[in-house]
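Positions are given from 1 along the sequence. For clarity, every value in this text was computed on a predicted model and none was experimentally measured.
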Amino acid sequence: MKFDHLEKVESDLKRLQDEIWDYSELAFNEVKSSEILASFLANHGFKVERNIAGMKTAFVASIGEGKPTICLLAEYDALDGLSQQADIAEYRPMDERTSGHGCGHHLLAVGSVTAALLMKEYFKENEIQGTIKVVGCPAEESGSGKAYLAREGFFDDCDVALTWHPDDVNALMVGKSQSCISSYFRFHGKASHAAAAPHLGRSALDAVELMNVGVNYLREHIEKTECVHYAITNTGGISPNVVQAEAEVYYFVRSVTGPKCKQLYERVINVAKGAALMTDTQVEVVFDDGLLDVVPNSLLQGVLIDCLNEVGPNEYTKEEKAYAQKFKETVPLSQICNAEISMAVKNAEELKQDRKENSLCSIILQPNSVEINTSGSTDVGDVSWVVPTAQFTTACYSYGTPGHSWQLVAQGKSSIALKGALMAGKVLALACEKLLKDPTLIEQAKKEWDHRLEGQRYECLIPKEIKPHN
Ligand SMILES: [Zn+2]
Ligand SMILES: [Zn+2]
């Protein structure tokens with residue numbers, strides 16, 4: 001695999017990085033971000049299909065011919081409430097917008113596009129059969145774009161899916177994430193004068209409060225890995241002298257598997273029903289979103305770690321190291337040490353040392369055989385239930401940069417971030433080359449996937465009647 005072609009396109013990739021960062025569009029509204037990505041790939045000779053699986057900001061861009069088909073996932077949604085000026089190592093929101101790329105999904109897109117461009121050159125220079133598809137996946141942060149793509153069969157003809165995520169380390173993403181269901185619980189009561197006629201009122205806000213109390217008691221009797229969290233999305237108004245007729249609370253329910261998640265969700269619904277009964281109100285459950293746990297694949301992880309080691313960590317200039325140092329100093333040292341990662345790597349000591357001495361990751365973390373479960377969730381899970389999938393991270397930010405933080409947004413336009421995305425592109429392209437050259441690897445990955453699923457079939461947690469919230 002030759003990477004020299006990247007020099008010719010680096011300025012274009014930098015433009016994509018900056019423009020998508022500037023747009024900072026939220027879930028399902030990534031109109032400009034998806035358009036510049038799709039047209040960029042179309043201009044490079046990719047066959048592009050827009051507006052897929054009922055999502056106007058989803059697309060697929062293909063190159064090559066025949067089997068096997070490898071899907072490279074791209075994301076581009078931002079987060080609300082994370083507006084931040086670029087390159088400034090202190091919290092400084094922007095005046096003109098409230099959103100920001102607090103998870104680095106603009107880089108995620110650039111990395112996958114980089115791999116696609118490398119593969120286009122590779123196909124030109126080599127007589128090899130295979131198709132590479134960049135799948136533009138909207139709404140990762142909320143909305144589960146990939147779950148709709150998987151549910152509508154967009155990964156059915158795919159043999160392997162690969163993806164990555166910007167981070168502060170170069171590492172494999174091992175282990176499982178959790179399944180998650182989110183729903184709104186809308187309580188309907190009756191308004192009345194809170195002092196003059198309280199007996200005529202039925203408080204929806206009381207119902208929300210009682211539901212939350214009930215769920216907080218439920219917590220004591222759920223499995224250790226399970227999590228339930230909520231936000232009150234409608235308090236029923238700002239007047240204490242009016243009994244609140246309408247109120248709403250938004251819940252996330254997470255568990256290690258889809259079926260367990262559904263069971264826990266049913267228990268949360270029962271608590272809501274109890275709260276409605278106690279307050280003589282009605283509860284309406286509005287299903288929002290559902291996504292599945294990730295099915296890991298050690299074979300593909302093995303391919304990815306070989307590629308990470310072959311590409312090697314990035315080297316940084318003095319200026320870049322100093323830039324990152326300023327951001328590293330904004331995070332307490334205790335926060336920089338991520339215990340979850342240390343457990344899953346062989347070179348934990350080397351990592352500790354590197355974190356202490358450097359502002360940017362200068363090593364590749366080597367996985368050990370421990371398969372950890374992470375408490376979070378991702379819609380990559382749904383893809384992994386349809387096709388063998390593996391993921392990794394590259395260092396795009398200073399050591400200790402927290403996820404969904406202003407520090408992460410601020411570093412999103414830097415040369416360090418671009419280096420991380422280009423590195424991810426190289427790793428992905430190299431992995432595609434290995435898989436195309438040796439089809440037995442894909443067969444083995446499929447065998448392992450079959451074995452792990454033990455006959456279970458993909459069942460999307462989003463009911464059929466629910467459409468993407470475009
Ligand atoms: Zn995120
Ligand atoms: Zn993310």
Stepwise salt bridge (charged side-chain N to carboxylate O under 4.0 Å, His left out) test for D168 and K328: CA-CA 11 Å; D168 67 343; K328 192 185 173 196; over 6 Å; no

Test of ring centre spacing under 6.0 Å for Y397 and F327: no

Give a yes or no answer on whether the side chain of D354 reaches the backbone of E350 with a donor-acceptor pair at less than 3.5 Å. no

Output yes when a side-chain donor or acceptor of H469 lies under 3.5 Å from a complementary backbone atom of D288, and no otherwise. yes

Quick check: are there more than 12 heavy atoms from other residues, nucleotides or ligands sitting under 6.0 Å from CD of E220? no

Under 3.5 Å, side chain of S183 to main-chain N/O of V285, donor-acceptor pair present? no

Y91 vs W406 aromatic rings, parallel, tilted or perpendicular, using cut-offs 30° and 60°? tilted

Residues forming a side-chain contact (heavy atoms from CB on, under 4.5 Å) with Q263, sequence neighbours excluded: none

For S179 and G258, work out which heavy atoms get closest and say how close. OG-N, 3.1 Å

I'd like to know whether NZ of K56 has more than 12 heavy-atom contacts from other residues, nucleotides or ligands below 6.0 angstrom. yes

Residue list, ring pair (Phe, Tyr, Trp, His ring centres under 6.0 Å) with Y184, at least two apart or on another chain: Y250

Should the ring pair F287 and Y265 be called parallel, tilted or perpendicular, given that the plane angle runs from 0 to 90° and is split at 30 and 60? perpendicular

Show the nearest heavy-atom pair for residues T389 and L300, with the distance to one decimal. N-CD1, 3.7 Å

Within the 4.5 Å heavy-atom criterion, are P296 and K176 side-chain neighbours or not? yes

Heavy-atom donor-acceptor pair, R186 side chain to E246 backbone, under 3.5 Å: no

Could you tell me which residues satisfy side-chain contact (heavy atoms from CB on, under 4.5 Å) with A194, sequence neighbours excluded, listed by chain and number? V243

Just wondering, do M423 and L308 contact through their side chains at under 4.5 Å, heavy atoms? yes

Within 45° of the six-membered ring axis of W21 and under 6.0 Å from that ring's centre, is NZ or CZ of R97 located there? yes

Is there a donor-acceptor contact under 3.5 Å from the side chain of W385 to the main chain of L453? no

Contact between H188 and T281 at the side-chain level, heavy atoms closer than 4.5 Å - yes or no? no

With the side chain counted from C-beta on, respond yes when V331 and Y399 share a heavy-atom pair under 4.5 Å apart, and no when they do not. no

Check for a donor-acceptor pair, side chain of T98 on one end and backbone N or O of G81 on the other, with a separation under 3.5 Å. no

Locate the shortest heavy-atom distance separating R50 from E35; write the atom from each residue and the value. NE-OE1, 3.0 Å

Just wondering, more than 12 heavy atoms not from E284 lying within 6.0 Å of its CD? yes

P68 backbone acceptor or donor facing D159 side chain under 3.5 Å: no

Min side-chain heavy-atom separation L218-R267 under 4.5 Å: yes

Whether D77 side chain and H101 backbone form a donor-acceptor pair below 3.5 Å: no

Short side-chain to backbone donor-acceptor contact, Q178 and T374, under 3.5 Å: no

Note: P468 and G54 closest approach over all heavy atoms is CG-O, 3.9 Å

Could you tell me whether a side-chain N or O of Q407 sits under 3.5 Å from a main-chain N or O of S405, the two making a donor and an acceptor? no

